[in-house]
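Accompanying notes for the structure given below.
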Amino acid sequence: MRDFFTLARWMPGLVILLSYRRNWLAADVRAGLSVAAVALPVAIAYAELAGVSAVVGLYSCILPMIAYALFGTSRQLIVGPDAATCAVIAAVVTPLAAGDPTRHWQLVMTMTAMTGLWCLVASYFRLGVLADFLSRPILLGLLNGVAITIMVGQLSRIVGFTFDESQLIERLAATPDYLALVHWPTLGVSALTFLLMLLCRRFRPLWPSSLLALVVVASLLWLWGPDQPGIEVVGSLAGGLPEFQVPVFPPGLMRELVMPALNLAMVSFVSMMLTARSFAARNGYDIDADREFRALGVANLASAMSQGFAISGADSRTAVNDANGGKSQMVSIVAAGVIALVTFFLTAPLQYIPSAALGVVLVMASWSLINLRGQWALRKSDMAAFWLAWITFVSVLFMGVIPGITLAVLLGLFQFLRNVMRPTDQLMGMNEEGVVHTLGRNEEVKAIAGVLIYRFNSPLTYFNASYFKRRVLSLLGHEQAQPNCLIIDAVSCFTHQDISVMSVVGELHKELKRRGIRMVMAGRRGQVTHWLQQSGIRVGEEGVLVYPDLYEALRMTRCYLSPSKPDESKAQADGATPETGDVTRSEA
């Protein structure tokens with residue numbers, strides 16, 4: 001109970017900062033400035049993607065970064081606006097706002113707050129295991145689909161026209177009709193931005209290419225004056241502290257946000273954990289998934305309170321942090337301070353940033369998300385993962401971002417259920433040293449005459465118990481010589497008490513007894529014995545035999561026939577114990 005109220009439990013990031021080392025400061029300040037240089041233009045661009053004012057993107061960086069620095073367990077992770085997150089927000093909120101910018105902003109904040117609350121609920125119930133729920137192939141297909149959707153959506157901004165269509169496929173089909181509407185000055189600005197970013201990445205890869213490109217094109221428009229020929233710019237921004245506003249819209253719209261907010265929390269968390277774990281492994285420390293869920297929830301609530309939108313782990317900014325030698329979450333605090341300085345005092349220069357240049361920044365950021373080669377390479381290693389990734393990818397493209405994410409979550413659930421309902425299983429044998437191994441992988445491993453050792457590689461529960469029984473009887477039917485006993489490895493499958501499972505075990509025991517086969521359980525002796533007795537299944541000589549492990553089961557059932565030492569087997573039949581019975585380890 002004492003640990004429940006400790007600072008380390010609730011604010012692990014603050015604990016790290018309280019033990020801060022002075023020699024980290026120079027590296028953290030350098031990394032913080034670099035992260036701010038990358039985060040500033042990206043935040044403005046993502047605000048445009050989410051359909052809100054550019055300053056909202058800056059609000060979404062300041063408090064969330066500070067909140068994560070205090071509550072997170074990763075020392076390198078940088079949180080902030082994310083392409084996939086903003087694409088989800090725009091897909092949900094735009095049709096609900098019906099063209100009202102104030103309502104749009106309020107719905108965005110409400111969805112952000114709901115996302116944070118979902119994350120806190122998940123943390124309370126210790127659902128950090130959901131980080132493994134969306135498998136990497138599904139997330140790969142999802143991010144590829146979202147990236148292409150964003151890139152096509154920004155095409156109109158880059159060339160200076162507006163799509164009337166809302167879906168990706170319709171937009172692609174209508175693109176030839178829009179070519180006559182190209183605004184050449186806007187296209188020129190886009191081309192210049194793209195060229196500057198490419199040159200910077202080629203010759204100065206450590207410089208913030210997007211920031212430098214935006215500074216150059218904004219300066220050119222400022223020099224050009226207010227009469228630039230129809231090039232859309234960000235426009236004047238109201239700097240300073242955000243004015244707190246209570247969302248005012250029909251309550252029924254909140255119901256439309258509940259499930260999308262849950263989907264967003266799920267995708268944001270999984271994406272964040274992939275980034276956080278990879279950099280934690282690179283720097284030699286561990287992170288706590290449940291506390292990361294709570295940190296993400298607090299960061300999203302902080303974003304909503306500061307009139308911002310939902311955030312997630314930012315892999316590109318985290319990579320910048322790591323490349324510049326960031327040692328702790330002081331990097332986030334420094335970066336948040338720099339962004340706050342710009343937001344409160346230096347918003348005037350931002351009004352000259354062209355929207356076309358922001359579109360180029362979004363396209364370049366989305367391009368870094370695309371990994372079609374990795375998605376295609378899955379066919380060589382795992383065909384099931386290959387099809388899962390491509391189904392998710394195509395669904396996002398044809399159905400839209402929200403239906404695609406929903407399908408990805410369902411695919412993850414179905415994948416898990418399939419693995420639990422129809423798991424792999426193994427027959428076991430023994431090598432010459434007396435060690436139990438899986439049959440079929442090594443010619444030295446032989447089946448034990450008269451004994452069938454079976455391992456079911458999933459916890460037994462009500463929806464796979466019947467399959468377990470069918471598999472056992474099927475394997476017994478394929479045996480040329482009927483065994484004297486069946487030894488079931490109880491460690492791998494009897495993990496909890498289930499009435500349905502015990503009922504199936506009782507039926508299986510009766511069928512084996514009718515065939516003259518003794519049923520033996522190996523492992524979890526105390527638990528399995530208690531569960532069997534509670535279910536009315538006899539345990540002992542007249543019922544199911546239960547032993548502590550496979551080797552004890554092999555010795556005590558007296559069904560052991562060594563493939564290499566028949567004399568010892570005969571001695572065991574007379575009551576002796578072979579030397580191999582002293583071996584106490586099992587390998588799959």
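Rounding to the nearest 0.5 Å gives a distance of 10.5 Å between OG1 of T392 and CE of M399. Annotation: the span from L17 atom CG to L70 atom CG amounts to 6.5 Å, rounded to 0.5 Å. Between F279 atom CZ and I287 atom CD1 the span is 11.5 Å, to the nearest 0.5 Å. In this structure, OG on S209 lies 9.5 Å from CG on L214, to the nearest 0.5 angstrom. Annotation: the span from L77 atom CG to M273 atom CE amounts to 9.5 Å, rounded to 0.5 Å. The distance from the CG atom of L140 to the CG atom of L369 is 10.5 Å, given to the nearest 0.5 Å.
Remark: side-chain polar atoms of E292 are paired, donor with acceptor, to backbone N or O of T73 under 3.5 angstrom. Between the Y285 side chain and the R75 main chain, a donor and an acceptor come within less than 3.5 Å of each other. When atom types are taken as modelled, the side chain of T94 and the backbone of A91 share no donor-acceptor pair closer than 3.5 angstrom. Side-chain atoms of S271 never come within 3.5 Å of backbone atoms of S268 as a donor-acceptor pair (strictly under, hydrogens ignored). Listed for the T186 side chain is no donor-acceptor partner under 3.5 Å among the backbone atoms of I231. Side-chain atoms of S190 never come within 3.5 Å of backbone atoms of A357 as a donor-acceptor pair (strictly under, hydrogens ignored). Judged by distance alone, the side chain of Q76 and the main-chain N or O of A319 form no donor-acceptor pair under 3.5 Å. Here the side chain of W105 pairs no donor or acceptor atom with the backbone of S53 at under 3.5 angstrom. A side-chain donor-acceptor contact under 3.5 Å links T112 to the backbone of V108. Between the side chain of W118 and the backbone N or O of M259 there is no donor-acceptor pair closer than 3.5 Å.
Side-chain contact between V361 and M197: present, with at least one pair of heavy atoms (C-beta onward) separated by less than 4.5 Å. Taking the side chain as every heavy atom from C-beta outward, I311 and L296 approach each other to under 4.5 Å. A heavy-atom distance below 4.5 Å is found between the side chains of I44 and L58. Between L257 and L107, the closest side-chain pair of non-hydrogen atoms falls below 4.5 Å. Using a 4.5 Å heavy-atom threshold, the side chains of R103 and P250 count as touching. Side-chain contact check for N324 versus V331: every heavy-atom pair is 4.5 Å or farther apart. Residues P354 and L221 form a side-chain contact, since some pair of their non-hydrogen atoms from C-beta on lies under 4.5 Å apart. Side-chain contact check for S74 versus Y68: some heavy-atom pair is nearer than 4.5 Å.
Across S60 and G308, no two heavy atoms sit closer than the pair OG-CA, 3.2 Å. Taking every heavy atom of both residues into account, F309 and G57 meet most closely at CE2-CA, 3.7 Å. Nearest heavy-atom pair, V396 versus V146, reported as atom, atom and distance to 0.1 Å: CG1-N, 3.7 Å. Annotation for P101 and G99: closest pair CD-O, 3.2 Å, computed over non-hydrogen atoms. Scanning all heavy atoms of the two residues, the minimum distance from R171 to G153 falls at NH1-CA, 3.3 Å. Annotation for L211 and A37: closest pair CB-O, 3.3 Å, computed over non-hydrogen atoms.
Within the structure, salt bridge (Lys or Arg N to Asp or Glu O under 4.0 Å) pairs that include any residue of residues 304-327 comprise R282-D322 (at least two apart or interchain). Applying the side-chain hydrogen bond (donor to acceptor under 3.5 Å, both in side chains) test to pairs two or more places apart or on separate chains, those with a residue in residues 77-90 are D82-T85. Applying the salt bridge (Lys or Arg N to Asp or Glu O under 4.0 Å) definition to pairs two or more places apart or across chains, none involves residues 334-353. Sorted by first then second residue, the salt bridge (Lys or Arg N to Asp or Glu O under 4.0 Å) pairs that include residues 146-163, not counting sequence neighbours, are E48-R157. Screening residues 366-382 for side-chain hydrogen bond (donor to acceptor under 3.5 Å, both in side chains), with sequence neighbours left out, gives N144-Q375.
In the displayed structure, E232 atom CD is contacted under 6.0 Å by at most 12 heavy atoms of other residues, nucleotides or ligands. Counting non-hydrogen atoms of neighbouring residues, nucleotides and ligands closer than 6.0 angstrom, the CZ atom of F344 exceeds 12 such neighbours. Enclosure of atom CG in D286 is not indicated, since only 12 or fewer non-hydrogen atoms of other residues, nucleotides or ligands lie within 6.0 angstrom.
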>> Run the side-chain contact (heavy atoms from CB on, under 4.5 Å) test on V159 and H183 for me, step by step, so that the C-alpha distance in whole Å, both residues' side-chain angles and the decisive distance to 0.1 Å come before the verdict.
In response: CA-CA 6 Å; V159 298; H183 187 252; over 6 Å; no
> Stepwise, does the side-chain contact (heavy atoms from CB on, under 4.5 Å) test hold for M65 with I78?
Replying inline: CA-CA 7 Å; M65 293 176 75; I78 303 295; 3.9 Å; yes
> Should M114 and T110 be marked as a side-chain contact (heavy atoms from CB on, under 4.5 Å) after you check the CA-CA gap, both sets of side-chain angles, and the distance that decides it?
Replying inline: CA-CA 6 Å; M114 286 184 177; T110 304; 4.1 Å; yes
> Should Y20 and S328 be marked as a side-chain contact (heavy atoms from CB on, under 4.5 Å) after you check the CA-CA gap, both sets of side-chain angles, and the distance that decides it?
Replying inline: CA-CA 8 Å; Y20 192 79; S328 73; 3.1 Å; yes
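For the side chain to side chain donor-acceptor pair (under 3.5 Å) test, residues two or more places apart in sequence or in another chain that qualify with N263 are T406.
Ring pair F393/W390 is perpendicular by interplanar angle, where above 60° counts as perpendicular and below 30° as parallel.
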